[in-house]
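All figures in this text were calculated on a predicted structure; none of them were measured in a lab.
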Amino acid sequence: MADELLEEIKKIADKVPGCRYTSIVGYDGISVAQHVVQASFDVSSYDAEISSIMLVAKEVKENLSLSDTRELIWLTDDSFFIIHPVGADYFMYACLKATGSNPGAARIALNKAKQRIHSLIYQE
């Protein structure tokens, strides 16, 4: 399963111009699979911190009785994060360069891979 997850997120990174890395992470902050294209930082620490954002988003969703989160987009001065929940326990995301990347392509690639990754994680 781990090799198949790695292959799925590698495909995402390979399709998206300006992609720094892709990850599948548990809401506990533990990285399940990563594919680094170009990053000068510890991707695992980013995975753990992004999980904090996703936990807060999950809590806000519940507090406001909103429907399920489909996507979270976060743009900083130097990075563009596109985050997709995968079931109740995991999420996947792509970290792109803020300029010279293609967020639209990343959104499409993540959407296409989401069901396959869900099936691999939950053994459906």
K.L.:
Should N111 and I108 count as side-chain neighbours, where that means a heavy-atom distance under 4.5 Å?
P.N.:
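They are not in side-chain contact.
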K.L.:
Inspect the contact between K10 and E7 and indicate whether a charged nitrogen and a carboxylate oxygen are less than 4.0 angstrom apart.
P.N.:
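Looking at K10 together with E7, the answer is no, because their closest N to O distance does not fall below 4.0 Å.
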K.L.:
What distance do I82 atom CD1 and L75 atom CG have between them, rounded to the nearest 0.5 Å?
P.N.:
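That separation rounds to 9.5 Å.
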K.L.:
Taking atom CG of D3 as the centre, report whether more than 12 heavy atoms of other residues, nucleotides or ligands fall under 6.0 Å from it.
P.N.:
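Open.
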K.L.:
Show every salt bridge (Lys or Arg N to Asp or Glu O under 4.0 Å) that has at least one partner inside residues 38-55, sequence neighbours left out.
P.N.:
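Non-adjacent pairs meeting salt bridge (Lys or Arg N to Asp or Glu O under 4.0 Å): zero.
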K.L.:
What pair of heavy atoms forms the shortest contact from A98 to T76, and how long is it?
P.N.:
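Heavy atoms only, the tightest pair is CB-O, 4.0 Å.
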K.L.:
Is I53 reachable from L55 through a run of I, L, V, M, F, W or Y residues, each pair having side-chain heavy atoms under 4.5 Å apart?
P.N.:
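Linked within one cluster.
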K.L.:
Between the side chain of K97 and the main-chain N/O of P17, is any donor-acceptor distance below 3.5 Å?
P.N.:
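Not confirmed, K97 side chain does not pair with P17 backbone.
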K.L.:
Check which hydrophobic residues are tied to V37 through side-chain heavy-atom contacts below 4.5 Å, counting indirect links as well, and list them.
P.N.:
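Grouped by the 4.5 Å side-chain rule, V37 forms a cluster of one, so the answer is none.
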K.L.:
Would you call W74 and S79 a side-chain contact if the rule is heavy atoms closer than 4.5 Å?
P.N.:
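Not touching, per the 4.5 Å side-chain cut-off.
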K.L.:
With a sphere of 6.0 Å drawn around NZ of K61, does it hold more than 12 non-hydrogen atoms of other residues, nucleotides or ligands?
P.N.:
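More than 12 within 6.0 Å, yes.
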K.L.:
CZ/R70 to CG/L72 distance, rounded to the nearest 0.5 angstrom?
P.N.:
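That separation rounds to 13.5 Å.
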K.L.:
If hydrophobic clusters are built by linking Ile, Leu, Val, Met, Phe, Trp and Tyr wherever their side-chain heavy atoms come under 4.5 Å apart, do L110 and I9 end up in the same one?
P.N.:
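Yes; I9 is reachable from L110 via cluster members.
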K.L.:
At what distance, to the nearest 0.5 angstrom, does CD1 of I117 lie from CD1 of I12?
P.N.:
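The CD1 atom of I12 is 4.5 Å from CD1 of I117, to the nearest 0.5 Å.
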K.L.:
Any chain of hydrophobic side-chain contacts (each under 4.5 Å) joining F41 to V25?
P.N.:
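Cluster IDs for F41 and V25 match.
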K.L.:
How long is the span from the CD1 atom in I24 to the CG atom in L5, to the nearest 0.5 Å?
P.N.:
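Between atom CD1 of I24 and atom CG of L5 there are 4.5 Å.
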K.L.:
Should M54 and V43 be counted in the same cluster of Ile, Leu, Val, Met, Phe, Trp and Tyr side chains packed under 4.5 Å apart?
P.N.:
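Same cluster: M54 reaches V43 through Ile, Leu, Val, Met, Phe, Trp or Tyr contacts under 4.5 Å.
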K.L.:
Within this structure, what is the CZ-CZ distance for the pair R20 and F80, rounded to the nearest 0.5 Å?
P.N.:
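Going from CZ on R20 over to CZ on F80, the span is 12.5 Å.
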K.L.:
Can you check whether Y27 reaches S51 side chain to side chain, under 4.5 Å on heavy atoms?
P.N.:
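Counting from C-beta outward, Y27 and S51 never come under 4.5 Å.
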K.L.:
Parallel, tilted or perpendicular for Y46 and Y21, by the 30°/60° rule?
P.N.:
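Plane angle over 60°, so perpendicular.
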K.L.:
In terms of hydrophobic clusters joined by side-chain contacts under 4.5 Å, are V36 and F91 together?
P.N.:
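The answer is yes; both residues are in one hydrophobic cluster.
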K.L.:
If you look at every heavy atom in K114 and P85, which pair is closest and at what distance?
P.N.:
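That closest heavy-atom pairing would be CE-O, 2.7 Å.
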K.L.:
Taking all non-hydrogen atoms of both residues, which atom of S23 and which atom of Q34 are closest, and how far apart?
P.N.:
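The pair with the smallest heavy-atom distance is OG-CG, 3.5 Å.
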K.L.:
List in chain and number order the residues that pass side chain to side chain donor-acceptor pair (under 3.5 Å) with Y122, two or more places apart in sequence or in another chain; answer none if no residue qualifies.
P.N.:
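In terms of side chain to side chain donor-acceptor pair (under 3.5 Å), with neighbours along the sequence ignored, Y122 is linked to D89.
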K.L.:
Output yes when a side-chain donor or acceptor of Q115 lies under 3.5 Å from a complementary backbone atom of K112, and no otherwise.
P.N.:
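Looks like no, no N/O pair under 3.5 Å.
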K.L.:
Is T22 close to M92 at the side-chain level, that is, under 4.5 Å between some pair of heavy atoms?
P.N.:
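Contact flag for M92/T22 side chains = no.
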K.L.:
Where is the tightest heavy-atom contact between A88 and K58, given as atom of each residue plus distance?
P.N.:
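Looking at all heavy atoms of both residues, the closest pair is O-NZ, 2.9 Å.
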K.L.:
If you measure from NE2 on H84 to OG1 on T69, what distance do you get to the nearest 0.5 Å?
P.N.:
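Spacing of NE2 (H84) from OG1 (T69) equals 11.0 Å.
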